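Report on one structure; see the data block that follows.
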Amino acid sequence: MGLEGKETPSFMRDFLDKCGGCAVIDGGFATELERHGADLNDELWSAKCLISSPHLVRRVHLDYLDAGANIILTASYQATIQGFEAKGFSREEGETMLRRSVEIAREAREIYYDRCTKDSSDFMRDERYRKRPILIAASVGSYGAYLADGSEYVGDYGDAVTVQTLKDFHRERVKILVEAGADLIAFETIPNKLEARAYAELLEEEGIETPAWFSFSCKDESNVVSGDSIFECASIADSCRQVVAVGVNCTAPRFIHGLISFIKKATSKPVLVYPNSGETYIAESNQWVKSSGAAEHDFVSYIGKWRDAGASLFGGCCRTTPNTIRGIAEATYGKLKDKCI
């Protein structure tokens with residue numbers, strides 16, 4: 001149930017119309033993989049499971065589809081050719097694993113649709129839920145995610161890293177994910193305007209027609225983690241023809257409302273938000289610690305407020321679970337008559 005043949009500018013609005021005005025993105029991937037027994041203490045992080053435990057990747061996708069997600073992201077956030085080669089894999093093996101991330105997500109969607117036709121539960125009998133459109137978004141993590149040193153949380157790559165450096169780094173990976181059949185490309189946790197510019201130029205240079213979204217990681221209500229303004233970053237996304245939605249992820253829930261306001265000033269494209277649980281990641285110790293503000297069980301109640309502020313796609317990032325997404329789906333599907341766009 002994709003949107004084949006749609007022109008890029010109308011792709012997301014058409015999808016949102018099919019969803020009833022709002023759509024649900026999935027939640028934290030690594031958290032769920034670990035809950036199912038995966039050991040992610042590795043530079044490849046969740047991408048490690050593309051090698052060791054593809055069945056767990058498929059299972060997590062299905063968990064989020066069962067919870068009500070309209071968009072599932074592939075397990076490719078930290079999957080790069082360079083990263084796989086650094087772990088001793090050949091270039092060909094790295095390319096295969098990138099393609100596999102999309103294939104596994106597509107398989108999960110087919111399994112889910114097939115299962116829905118046989119399920120007789122009350123929730124599944126609701127046609128608007130059971131036959132909802134589902135997209136596969138190829139996750140592209142930032143250059144900092146590949147470095148695996150926490151730099152995606154601060155956005156400081158040093159003076160030696162240029163727009164050209166970043167384009168060269170991401171180029172083959174993006175092309176492989178597109179060729180594998182993803183419905184859209186999710187450029188996630190973008191920490192600075194430099195990388196946003198690199199993505200925009202790369203999409204144009206390669207003539208990529210697959211729709212994309214740009215999602216930024218922010219440190220407060222008006223700035224991404226590097227200190228660049230979200231308005232400037234969203235403006236770069238707005239100028240890119242292939243970008244069909246703009247928003248924020250891996251950001252504390254308490255900053256989301258203000259960020260939506262700034263993004264809406266920079267673009268008329270649909271706005272997406274998928275915050276983390278409200279905890280703070282400490283790169284030095286590789287740990288999440290509690291911080292003030294909303295936690296996972298709280299931010300679902302903010303969906304209505306964020307919708308009223310102008311967002312139309314909602315999900316979760318780090319430390320959120322299928323329970324989070326189920327809560328968002330119930331809040332969203334209960335408001336299908338309220339247009340978000």
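Small disclaimer: the values here were computed from a predicted structure and weren't measured.
- Between His61 and Tyr112, the ring center distance fails the sub-6.0 Å criterion.
- A donor-acceptor contact under 3.5 angstrom links the side chains of Asn249 and Ser215, judged on distance only.
- Contact of the Thr210 side chain with the Ile185 side chain is registered, since non-hydrogen atoms from C-beta on lie closer than 4.5 Å.
- Shown here for Pro191 and Gly155, the closest heavy-atom pair between the two residues is CB-CA, 3.5 Å.
- Not counting sequence neighbours, the partners of Ala23 by the side chain to side chain contact (heavy atoms under 4.5 Å, CB included) test are Phe15, Leu16, Cys19, Asn70, Leu313.
- With ring centers used as reference points, Tyr199 lies under 6.0 Å from His170.
- Checked for salt-bridge contact, Glu209 and Arg241 meet the test: a charged N lies under 4.0 Å from a carboxylate O.
- For Glu107, the salt bridge (charged side-chain N to carboxylate O under 4.0 Å, His left out) partners are Arg58, Arg100, not counting sequence neighbours.
- Nearest heavy-atom pair, Ile134 versus Asp183, reported as atom, atom and distance to 0.1 Å: O-OD2, 4.2 Å.
- In this structure the side chain of Tyr274 reaches within 4.5 angstrom of the side chain of Ile25, judged on heavy atoms.
- With sequence neighbours excluded, the residues satisfying side chain to side chain donor-acceptor pair (under 3.5 Å) with Asp238 are Thr267.
- Applying the side chain to side chain donor-acceptor pair (under 3.5 Å) criterion to Arg106, with sequence neighbours excluded, gives no partner residue.
- Ring centroids of Phe231 and Phe262 are separated by 6.0 Å or more, keeping the two rings apart.
- Among residues two or more places apart in sequence or in another chain, the side chain to side chain donor-acceptor pair (under 3.5 Å) test is passed with Lys269 by none.
- The pair Asp228-Lys219 fails the salt-bridge criterion, with no side-chain N (NZ, NE, NH1 or NH2) lying under 4.0 Å from an Asp/Glu carboxylate O.
- When atom types are taken as modelled, the side chain of Gln242 and the backbone of Ile208 share a donor-acceptor pair closer than 3.5 angstrom.
- Using a 4.5 Å heavy-atom threshold, the side chains of Thr324 and Thr321 count as touching.
- The salt bridge (charged side-chain N to carboxylate O under 4.0 Å, His left out) test applied to Lys175 returns Glu172, Glu206, not counting sequence neighbours.
- The six-membered or imidazole ring of Tyr146 lies near that of Phe169, with a centre-to-centre distance under 6.0 Å.
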Worksheet item: Taking it one step at a time, do Tyr143 and Tyr157 satisfy ring-ring contact (aromatic ring centres under 6.0 Å, His included)?
Response: CA-CA 8 Å; Tyr143 178 68; Tyr157 295 160; 5.3 Å; yes
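- Annotation: side chain of Ile72 is in contact with side chain of Leu65 (closest heavy-atom distance under 4.5 Å).
- With hydrogens and angles left out, the side-chain atoms of Ser142 and Glu152 include no donor and acceptor closer than 3.5 Å.
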